[in-house]
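Please read the structure below before turning to the comments.
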Amino acid sequence: MTKRNRILALILASLMLLSAAACSDSGTNEETAAITAGDTAAEITETEPVPEETGPVAELPDKTYDGEEVMFLTSHNSGYDWYSSYEIYAEEMTGQLINDAVFTRNNTIEELLDIKIAQTKLENCHTTAKSSITAGDKQFDVVMPYMNNTITLAVEGSLLDLKQIPYLDLDKPWWDTRANKDLIINDRLFITTGDISILDNECTMVMFFNKDMIGQFGLESPYDLVKEYGWTIDKVNEMAHVVTNDKDGDGKMTNDDMWGISIADNAPISFYFGAGERVVQADDNGELQLMLGSNRAIDVFDKITNLCYSTEVLSRHTTGNAGFDSVCASFNAGNIMFVTFALVDINGLRDAEFEFGILPYPLYDETQKEYNNLISTGLVSSTSIPNTCENTEVVGVTLEAMAYYSTSTLTPAYYDNALKTRYVRDEESGEMLDIIFATRVYDLGFIFNWGNAGSMVTNMYTAKQTEYASNWEKIQKAATKAMGKALEQFAEIP
């Protein structure tokens with residue numbers, strides 16, 4: 001065993017103990033959110049033999065880098081702190097679960113590679129990245145603005161192709177294979193994510209449900225329906241309509257009555273992607289094609305409108321009180337069976353005194369082979385390397401090591417401990433999370449929103465429009481032109 005492998009063995013033992021021991025009660029939503037809750041990590045007092053490796057191992061160089069600093073530019077969100085970056089840098093051990101996992105991971109990598117991981121965390125992360133790259137000041141080695149903003153840097157030619165970075169093995173499981181596939185442009189990848197990040201998990205669109213109401217109304221188990229591929233838009237619609245009723249008998253439907261489902265403003269587009277539809281998709285030659293005009297897309301939208309425009313669902317169209325806080329209050333009071341949120345919104349449901357669970361978005365019909373769960377990319381940090389980076393080797397090694405070691409630190413802290421054993425209250429929801437995280441959707445048309453193609457479904461829902469084909473016809477020319485212009489810009493990047 002080489003010196004480097006002996007170090008790895010000791011490190012892995014410590015990491016396994018940390019991830020296994022770090023578990024306790026969380027803080028409140030007002031304090032932060034699931035990712036920053038004040039969870040106490042157990043102190044590591046001993047090491048154990050490292051089990052034999054059963055999975056892929058990062059192929060890192062057997063060398064060190066003389067204390068070279070790798071500077072990350074990350075996002076701070078003062079309005080909604082839970083959308084700030086907490087997964088890249090931790091100054092010290094604090095007893096908080098995520099913080100301590102990040103600190104342990106970074107300390108491991110710094111000692112192994114003799115590097116220094118540093119962070120500049122700013123509110124205006126995107127504009128700072130743009131001005132820094134334009135000025136050529138070489139201040140940042142990795143930039144991590146929200147994905148919808150980062151993609152504009154790629155169009156401008158400000159980012160490097162991650163597929164060409166030394167030691168960055170994007171085929172390994174600690175990188176998101178769906179992101180690497182769906183975010184390819186002209187056979188280049190400028191942004192990605194994976195175990196190095198947790199905001200991609202937090203911003204995944206999901207459904208929560210009241211388990212007691214399922215039993216009360218004698219309905220089928222949503223878990224069984226998911227497993228049997230019977231969890232469809234029509235089934236959700238059917239179950240929701242069984243539940244909705246004028247609970248207080250006053251002849252008016254308000255938040256105090258019983259609702260089968262609440263529809264958030266981003267739920268229709270989540271249903272659309274969940275049904276297997278896309279804004280754009282690459283053809284067999286890797287060329288992007290707009291997909292909104294198909295007959296199946298029209299049929300999917302019809303199913304969505306039948307559900308989301310119904311007077312028997314709680315939405316902006318049925319009451320004036322369908323905002324996030326009021327919906328959370330109604331759900332926690334036992335008045336809503338299904339709610340349509342992002343995973344991070346589980347923090348608003350902590351006051352529920354009943355058992356609730358998590359579900360993927362439904363299928364179009366029983367013949368659909370895979371679930372699809374949209375990521376709200378406007379608030380997801382992406383990993384990118386600016387074209388001003390001077391030492392791509394040390395940056396590539398650092399990113400690969402951080403993603404790899406996150407599987408033993410950050411991912412267990414967030415996924416297994418923070419979700420499966422504390423905020424989620426049943427084992428089946430853990431199985432649903434496995435399905436959800438394995439079937440996340442990235443769509444360049446949704447991210448770029450060429451000619452308003454990415455926002456068409458949401459805009460139609462807001463205006464309560466039903467003529468899908470005619471709306472697509474109105475924007476098709478502009479969307480095609482905007483996409484073509486962007487692709488031409490990408491083609492010109494050296």
Side-chain angles (χ1 to χ4, degrees), residues 56-65 68-74 88 109 113 115 117 126 129-130 132-197 200 280 282 284-288 377 380-406 442 444 447-448 486-494:
V57 178
E59 297 178 6
L60 305 176
D62 193 3
K63 61 187 293 188
T64 55
Y65 293 93
E68 186 165 345
E69 181 181 84
V70 179
M71 176 62 74
F72 288 75
L73 175 63
T74 64
I88 297 302
I109 296 166
L113 299 174
I115 61 167
I117 297 170
H126 167 243
K130 180 180 175 65
S132 173
I133 296 169
T134 301
D137 62 14
K138 303 177 177 61
Q139 182 179 0
F140 306 110
D141 300 297
V142 181
V143 293
M144 301 185 69
Y146 295 138
M147 194 170 286
N148 289 11
N149 291 327
T150 310
I151 203 73
T152 63
L153 297 175
V155 175
E156 296 164 359
S158 299
L159 305 178
L160 296 178
D161 180 6
L162 297 175
K163 294 168 64 177
Q164 304 302 318
I165 301 300
Y167 296 104
L168 202 59
D169 191 347
L170 298 169
D171 292 327
K172 290 295 176 63
W174 40 88
W175 296 108
D176 191 323
T177 56
R178 280 208 166 196
N180 295 339
K181 175 179 176 291
D182 294 340
L183 299 177
I184 287 285
I185 305 173
N186 287 352
D187 200 34
R188 294 178 175 182
L189 184 69
F190 299 99
I191 61 177
T192 194
T193 185
D195 283 87
I196 197 172
S197 177
D200 53 340
V280 301
D284 293 339
N285 297 319
E287 297 180 3
L288 294 179
T377 52
V380 173
S381 297
S382 53
T383 301
S384 297
I385 300 176
N387 62 13
T388 52
C389 178
E390 290 188 302
N391 192 340
T392 56
E393 178 179 321
V394 71
V395 172
V397 170
T398 302
L399 289 174
E400 185 73 3
M402 289 177 72
Y404 171 60
Y405 284 110
S406 288
Y442 301 86
L444 287 167
I447 295 172
F448 275 105
L487 295 180
E488 287 177 5
Q489 288 178 279
F490 278 114
E492 294 172 358
I493 297 174

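Computed from a predicted model, the values in this text were never measured in an experiment.
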Could you give the distance from [atom1] ([X]) to [atom2] ([Y]), rounded to the nearest 0.5 Å?
| X | Y | atom1 | atom2 | value |
| --- | --- | --- | --- | --- |
| Thr383 | Leu399 | OG1 | CG | 6.5 Å |
| Leu444 | Ile191 | CG | CD1 | 7.0 Å |
| Leu113 | Thr64 | CG | OG1 | 8.5 Å |
| Ile165 | Cys389 | CD1 | SG | 6.5 Å |
| Ile151 | Phe448 | CD1 | CZ | 4.0 Å |
| Phe490 | Ile185 | CZ | CD1 | 3.5 Å |

Would you tell me whether Ser384 and Thr150 have side-chain atoms, one donor and one acceptor, within less than 3.5 Å of each other?
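No donor-acceptor contact under 3.5 Å links the two side chains.
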Under a 3.5 Å cutoff, is there a donor and acceptor pairing between the side chains of Asn391 and Tyr65?
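There is no such pair (donor and acceptor under 3.5 Å, judged by atom type) between the side chains of Asn391 and Tyr65.
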If you look at every heavy atom in [X] and [Y], which pair is closest and at what distance?
| X | Y | answer |
| --- | --- | --- |
| Ile184 | Leu189 | CD1-CB, 3.8 Å |
| Ala179 | Thr193 | CB-CG2, 4.2 Å |
| Ser197 | Ser381 | OG-O, 4.1 Å |
| Pro145 | Val143 | CD-C, 3.4 Å |

Is any side-chain heavy atom of [X] less than 4.5 Å from a side-chain heavy atom of [Y]?
| X | Y | result |
| --- | --- | --- |
| Ile88 | Ile196 | yes |
| Lys63 | Val397 | no |
| Thr392 | Leu168 | no |
| Ile133 | Asn387 | yes |

Summary of ring pair (Phe, Tyr, Trp, His ring centres under 6.0 Å) pairs that have at least one residue in residues 157-179, sequence neighbours excluded:
Trp174-Tyr404
Any donor-acceptor pair under 3.5 Å linking the side chain of [X] with the backbone of [Y]?
| X | Y | result |
| --- | --- | --- |
| Asp161 | Lys163 | yes |
| Glu400 | Asp169 | yes |
| Ser132 | Ala129 | no |
| Asn180 | Leu170 | yes |

Selection residues 136-152 - residue pairs positive for salt bridge (charged side-chain N to carboxylate O under 4.0 Å, His left out), sequence neighbours left out:
none
One pair to check against side chain to side chain contact (heavy atoms under 4.5 Å, CB included): Tyr442 and Thr192. What are the steps and the verdict?
CA-CA 10 Å; Tyr442 301 86; Thr192 194; over 6 Å; no
Ser382 and Tyr146: CA distance, side-chain angles, deciding distance, side chain to side chain contact (heavy atoms under 4.5 Å, CB included) verdict:
CA-CA 6 Å; Ser382 53; Tyr146 295 138; over 6 Å; no
Between Lys130 and Glu156, does any side-chain N to carboxylate O distance fall below 4.0 Å?
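A salt bridge links Lys130 with Glu156.
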Does Asp284, at its CG atom, have more than 12 non-hydrogen atoms belonging to other residues, nucleotides or ligands within less than 6.0 Å?
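No, because the 6.0 Å sphere around CG of Asp284 holds 12 heavy atoms or fewer from other groups.
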